[in-house]
> 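Once you've had a glance at the structure underneath, I'll fire off some questions.
Along the sequence shown, the residues carry numbers beginning at 1. Source: prediction; values computed, not measured. Heavy atoms only: backbone and side chains are in, while hydrogens, waters and symmetry mates are out.
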Amino acid sequence: MSEAMPDAPEGTGEPGAEAYDSTGPLGVVREATGLPAVDGLLERLGEVDGLPADGHLAVYEDVHRGLRAELTSLDERPAPASRPHDPRS
């Protein structure tokens, strides 16, 4: 059983595609992660709403660089803490 696909908005060429104003913000909701560094980077994506299209790339690249750095930092493990000498050994 297949569900009927709604007709595509005129000019999109894709069944079920929703029409949107390509000149305005997309209205994508960014949810907080609880990690201040990551949340700050994700909030930065909102800056593109006020920029012309040719300014988006710089913001996207900066956010991508920051997110990669955050992920890389997860691989860095702290050195094991030195344990005090056990006099029984």
> Does E70 have any salt bridge (charged side-chain N to carboxylate O under 4.0 Å, His left out) partners at least two apart in sequence or in another chain, and if so, which?
none
> Quick check for you: to the nearest 0.5 Å, what is the distance between L67 atom CG and L45 atom CG?
7.5 Å
> With sequence neighbours excluded, give me every salt bridge (Lys or Arg N to Asp or Glu O under 4.0 Å) pair touching residues 29-42.
none
> Quick one: pull up NE2 in H56 and CD in E47 and give me the separation to the nearest 0.5 Å.
11.0 Å
> Answer yes or no: does atom NE2 of H64 have more than 12 heavy-atom neighbours from other residues, nucleotides or ligands under 6.0 Å?
no
> Side-chain heavy atoms nearer than 4.5 Å, only ILVMFWY residues, links allowed to pass through others: does that put V63 and L57 together?
no
> Under a 4.5 Å side-chain heavy-atom rule over Ile, Leu, Val, Met, Phe, Trp and Tyr, are Y60 and L51 clustered together?
yes
